[in-house]
Amino acid sequence: MSTFFAQPYSLDAVGFYFDTLEAYTEKSESLLDAFGNSVEEFEIQFIDGDDCELFSACGINQANLNLWFETIADLAEHEKTALYYLCSVSSYNLENALDKLEDVNLSEGNLKDVAETLFDEFYLSDVPESVRAYIDYEKYARDCEMGGDLYEFDFNGTTWTCTNASGI
C-alpha cells in the first residue's frame, strides 16, 4: 500500500495523508482553510510505497488521480514497465500511453545482451559456422540503438530494453 499527501495550494490550509481514492475524496471535500473556506486545489505527492518512479513519470496530479487508483495501480508489472517507458522515455501523455501498453515489446536485460539474443534468434542460422566468431555483438547493439530500434532504460532497479522502440 502506498501513501500519498495532498498539499493544498492555499497557504492557510493544512494538507493530509491518504492511501485510497475514497480517503482523498472524503478529506479533500471537507477540508477548510483558516478562514473557513473550502480548499479546492492540491498538489499530490507520493510519500512511500511501490511505484514512485511510475507515479512521477505518469505526472499524476489532482486531475488524473482517479486513473492511478482505478487503472494504473492494478496493472501487471510488465504493463507498469511499458507505461513507464511510454511516459518517461517516449513522452506520451498518460491517456495515450495507457492505450499503447500492448504495443511495447520489452526484454529484461541490457542493450548488448538483448541485441545478442535477437541476432542469434533471427540471423545466426544464416551465418556460416566459420564466421560466427567474428560477430561483434557490441557494434550490432550500438547500431540498433543508433537506428532507434532498441532502447535501454532502468525502471524499479531493473535494466530493460525496448525492442521495438522505433515502431511505437
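We use all heavy atoms of the structure for the numbers below, so side chains are in, but hydrogens, waters and symmetry mates are not. The structure presented is a predicted model; accordingly, all values stated were derived computationally and were not measured.
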Compare every heavy atom of [Y] with every heavy atom of [X], then report the nearest pair and how far apart it is.
X	Y	answer
D103	N164	O-ND2, 2.7 Å
A57	Y84	CB-CD1, 3.6 Å
A165	Y151	CB-CB, 4.0 Å
G59	N64	O-ND2, 3.4 Å
A97	L86	O-CD1, 3.4 Å
L111	A141	CD2-O, 3.7 Å

[X] [atom1]: over 12 foreign heavy atoms closer than 6.0 Å:
X	atom1	value
E102	CD	no
Q7	CD	yes
E26	CD	no

Single-linkage hydrophobic cluster F122~V127, side-chain heavy atoms < 4.5 angstrom:
yes

Does L150 share a hydrophobic cluster with V89, counting links as ILVMFWY side-chain heavy atoms below 4.5 Å and allowing steps through other members?
no

Where the side chain of [X] meets the backbone of [Y], is there a donor-acceptor pair that is under 3.5 Å apart?
X	Y	answer
D154	G157	no
Q62	E40	yes
S28	T25	yes

Distance-only donor-acceptor check, side chains T3 and D19, under 3.5 Å:
no

Answer whether the closest heavy-atom distance between the side chains of [X] and [Y] falls below 4.5 Å.
X	Y	answer
L94	W68	no
L106	H78	no
F18	L65	yes
P8	L31	yes
T81	T158	no

Summary of ring pair (Phe, Tyr, Trp, His ring centres under 6.0 Å) pairs that have at least one residue in residues 88-109, sequence neighbours excluded:
none

Applying side-chain contact (heavy atoms from CB on, under 4.5 Å), can you list everything that pairs with [X], at least two apart in sequence or on another chain?
X	result
V14	none
Y134	none
S56	none

Rounded to the nearest 0.5 Å, how far apart are [atom1] of [X] and [atom2] of [Y]?
X	Y	atom1	atom2	value
E79	L83	CD	CG	9.5 Å
L54	I60	CG	CD1	7.5 Å
M1	T20	CE	OG1	7.5 Å
S88	F153	OG	CZ	7.0 Å
S107	L118	OG	CG	6.0 Å
F16	S30	CZ	OG	7.5 Å

Start with the C-alpha distance between N105 and C162, add both sets of side-chain angles, then the distance that settles side-chain contact (heavy atoms from CB on, under 4.5 Å), and finish with yes or no.
CA-CA 6 Å; N105 293 332; C162 179; 5.7 Å; no

Closer than 4.0 angstrom, basic N to acidic O: yes or no for R132 and E129?
yes

Taking E138 first and then R142, would you say they form a salt bridge - that is, a charged N and a carboxylate O separated by under 4.0 Å?
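The answer is no: the pair does not qualify as a salt bridge.
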
Between F69 and F4, does the ring pair (Phe, Tyr, Trp, His ring centres under 6.0 Å) criterion hold? Intermediate values first, please.
CA-CA 12 Å; F69 286 105; F4 306 92; 5.4 Å; yes

Would you say the ring centroid of F119 lies under 6.0 angstrom from that of Y137?
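Aromatic pair counts; centres sit under 6.0 Å.
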
Output, in order, the C-alpha distance, side-chain angles, deciding distance and verdict of side-chain contact (heavy atoms from CB on, under 4.5 Å) for E152 and V114.
CA-CA 9 Å; E152 178 184 311; V114 171; over 6 Å; no

Could you list who else is in F5's hydrophobic cluster, with ILVMFWY side chains joined at under 4.5 Å, directly or through other members?
Y17, I47

If you look only at pairs with a residue in residues 47-64, which of them pass as a salt bridge (charged side-chain N to carboxylate O under 4.0 Å, His left out), with sequence neighbours excluded?
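Only D51-K80 qualify under salt bridge (charged side-chain N to carboxylate O under 4.0 Å, His left out).
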
Step by step, work out the side-chain contact (heavy atoms from CB on, under 4.5 Å) result for L101 and L98.
CA-CA 6 Å; L101 288 181; L98 286 168; 4.2 Å; yes

For I135 and Y140, run side-chain contact (heavy atoms from CB on, under 4.5 Å): C-alpha distance rounded to whole Å, both residues' side-chain angles, the deciding distance at 0.1 Å, then the answer.
CA-CA 8 Å; I135 298 172; Y140 176 70; 5.9 Å; no

